Amino acid sequence: MNRAVFLDRDGVINAALHNPLEDRLDTPYRLEDFRLLSGVVQAVRAINEMGFLAVVVSNQPGVAKGKCDYAFLEAVDAELTARLARQGAHLDAIYYCLHHPDAIDESLRVDCDCRKPKPGLLLQAARELDIDLAGSFMLGDSPRDIEAGLAAGCQTILVDGHRSYFRLGEAARMRPHWTARNLPAAVEIVRCMQGGGPWRSS
Ligand SMILES: [Mg+2]
Ligand SMILES: [Zn+2]
C-alpha cells in the first residue's frame, strides 16, 4: 500500500488572501493572486523523495458560490503543476470538494460527504490510490483539515501560519498530533516520524 501526505491547498501551498467583504481569509480568484508560499516546491519534492504520495484535498466552493468557473480551477491546477515541475516536484493527485450548502449553482448545493471536516476526499483518495490512511499524514491550516484527517485515521499536522484564521470555538475542538509553522517545517516532522513510533497502535 501507499502512504500519502494529504495537503490542504489555500494557506498551506499558496497564500490565502484576506477577503475584505467577508473579513476572512479566502482563496485567490485571479491567477495573478495565486502565489506559492515560501519553500513549498522544495517541501513537495521532499514528500516525493520520501516515497509518499503528495495528494491535495481541498474545499473549493468558488464555482458553487459563483465566484469563479471550472476553467479557473483548471488554470490554477495547471499553473501549480507547472511551477512544481520546473523544480522537479509533483503532485500525485488533486481532489476538490466543489459543493457548498449555500451554493447558487443548484447542482452543487449538496450536503456531501467530501466537504472537510468530513473525510470523504481522503477516503476516496485511499480507495483510488491504495493508501494506508494510518500511515499517512494530513497537513492543513484550518480546524476542518485536522478534523477530516482525524476522522480518516491519519496523523495530523496543523500548519499554523495564520493564527487569525481560527475562532476560539474551532480551536478548542482541534487536537492535531503536531503543529508546524509552515509546510517545510511540517514535512520535516513527517520525515522524522515516517519510520513509525510509539503513537502508532498497530
Ligand atoms: Mg486552508
Ligand atoms: Zn463535497
Side-chain angles (χ1 to χ4, degrees), residues 1-17 25-65 67-100 108 112 114-116 119-131 133 136-142 144-145 148-149 152 154 157 159 161-162 180 182-191 194:
M1 288 183 97
N2 297 304
R3 300 169 76 189
V5 176
F6 293 108
L7 301 161
D8 175 45
R9 204 192 75 183
D10 303 317
V12 173
I13 290 175
N14 58 283
L17 301 180
L25 288 172
D26 202 350
T27 191
Y29 292 112
R30 300 183 308 177
L31 208 49
E32 58 265 39
D33 290 333
F34 187 79
R35 189 172 62 78
L36 294 189
L37 292 167
S38 168
V40 159
V41 176
Q42 295 84 346
V44 172
R45 198 170 57 213
I47 293 169
N48 301 149
E49 287 168 354
M50 284 190 281
F52 283 79
L53 300 182
V55 180
V56 169
V57 288
S58 175
N59 294 348
Q60 291 295 333
V63 176
K65 292 177 174 178
K67 292 181 173 178
C68 67
D69 56 19
Y70 289 107
F72 175 75
L73 290 180
E74 286 169 13
V76 167
D77 289 353
E79 178 72 15
L80 173 58
T81 301
R83 285 198 218 172
L84 292 171
R86 237 173 272 153
Q87 294 181 64
H90 71 272
L91 299 170
D92 292 281
I94 300 175
Y95 289 89
Y96 291 145
C97 167
L98 300 174
H99 311 111
H100 195 276
L108 296 172
C112 64
C114 51
R115 183 172 164 78
K116 295 177 290 182
L121 293 179
L122 290 82
L123 301 180
Q124 183 188 350
R127 280 194 305 274
E128 294 179 354
L129 303 173
D130 192 28
I131 291 168
L133 288 165
S136 297
F137 294 78
M138 173 73 216
L139 279 46
D141 67 331
S142 148
R144 65 184 59 205
D145 298 319
C154 295
I157 306 178
V159 180
H162 298 286
N182 52 25
L183 182 58
V187 171
E188 276 311 300
I189 293 173
V190 173
R191 186 193 301 285
Q194 61 178 319

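Model, not experiment: these values are computed from the prediction.
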Does [Y] offer a backbone N or O that forms a donor-acceptor pair with the side chain of [X] under 3.5 Å?
X	Y	value
Lys116	Val57	yes
Arg9	Val56	no
Gln124	Leu121	no

Problem set entry | Under the salt bridge (charged side-chain N to carboxylate O under 4.0 Å, His left out) test, residues paired with Asp33 that sit two or more places apart | Arg30
Just verifying a value: how many Å separate [X] [atom1] and [Y] [atom2], rounded to the nearest 0.5 Å?
X	Y	atom1	atom2	value
His99	Asn59	NE2	CG	10.5 Å
Asn14	Leu37	CG	CG	6.5 Å
Gln60	His100	CD	NE2	11.5 Å
His90	Leu53	NE2	CG	7.5 Å
Cys114	Leu98	SG	CG	7.5 Å
Leu17	Thr27	CG	OG1	7.5 Å

Which heavy atom of [X] sits nearest to which heavy atom of [Y], and what is that distance?
X	Y	answer
Leu122	Gly149	CD2-CA, 4.2 Å
Ala125	Val55	CB-CG1, 4.3 Å
Ile157	Ala180	CG2-CB, 4.0 Å
Val12	Gly140	CG2-CA, 3.8 Å
Ala93	Leu129	CB-CD1, 3.9 Å
Pro184	Gly39	CG-O, 3.6 Å

Problem set entry | Leu139 and Asp145: CA distance, side-chain angles, deciding distance, side-chain contact (heavy atoms from CB on, under 4.5 Å) verdict | CA-CA 7 Å; Leu139 279 46; Asp145 298 319; over 6 Å; no
Exercise. Would Ser136 and Val5 satisfy side-chain contact (heavy atoms from CB on, under 4.5 Å), going step by step from the backbone distance to the final call?
Worked result: CA-CA 6 Å; Ser136 297; Val5 176; over 6 Å; no
Quick check: do [X] and [Y] have side-chain heavy atoms less than 4.5 Å from each other?
X	Y	result
Ser38	Asn182	no
Val63	Tyr96	no
Leu133	Leu123	yes

Problem set entry | Check against side-chain contact (heavy atoms from CB on, under 4.5 Å), Arg144 and Arg115 | CA-CA 9 Å; Arg144 65 184 59 205; Arg115 183 172 164 78; 3.2 Å; yes
Exercise. So which pairs with a foot in residues 83-100 pass salt bridge (charged side-chain N to carboxylate O under 4.0 Å, His left out), sequence neighbours left out?
Worked result: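 Found Glu79-Arg83.
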For this session: State which residue, out of Leu7, Val190, Leu91, fulfils the side-chain contact (heavy atoms from CB on, under 4.5 Å) condition with Ile47.
Result: Leu7
Exercise. After noting the C-alpha distance and the side-chain angles of Phe6 and Asp8, does the key distance pass the side-chain contact (heavy atoms from CB on, under 4.5 Å) rule?
Worked result: CA-CA 7 Å; Phe6 293 108; Asp8 175 45; over 6 Å; no
Problem set entry | Aromatic ring pairing Phe52/Phe137, orientation class (parallel under 30°, perpendicular over 60°, tilted between) |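 Geometry flag for Phe137 against Phe52: perpendicular rings.
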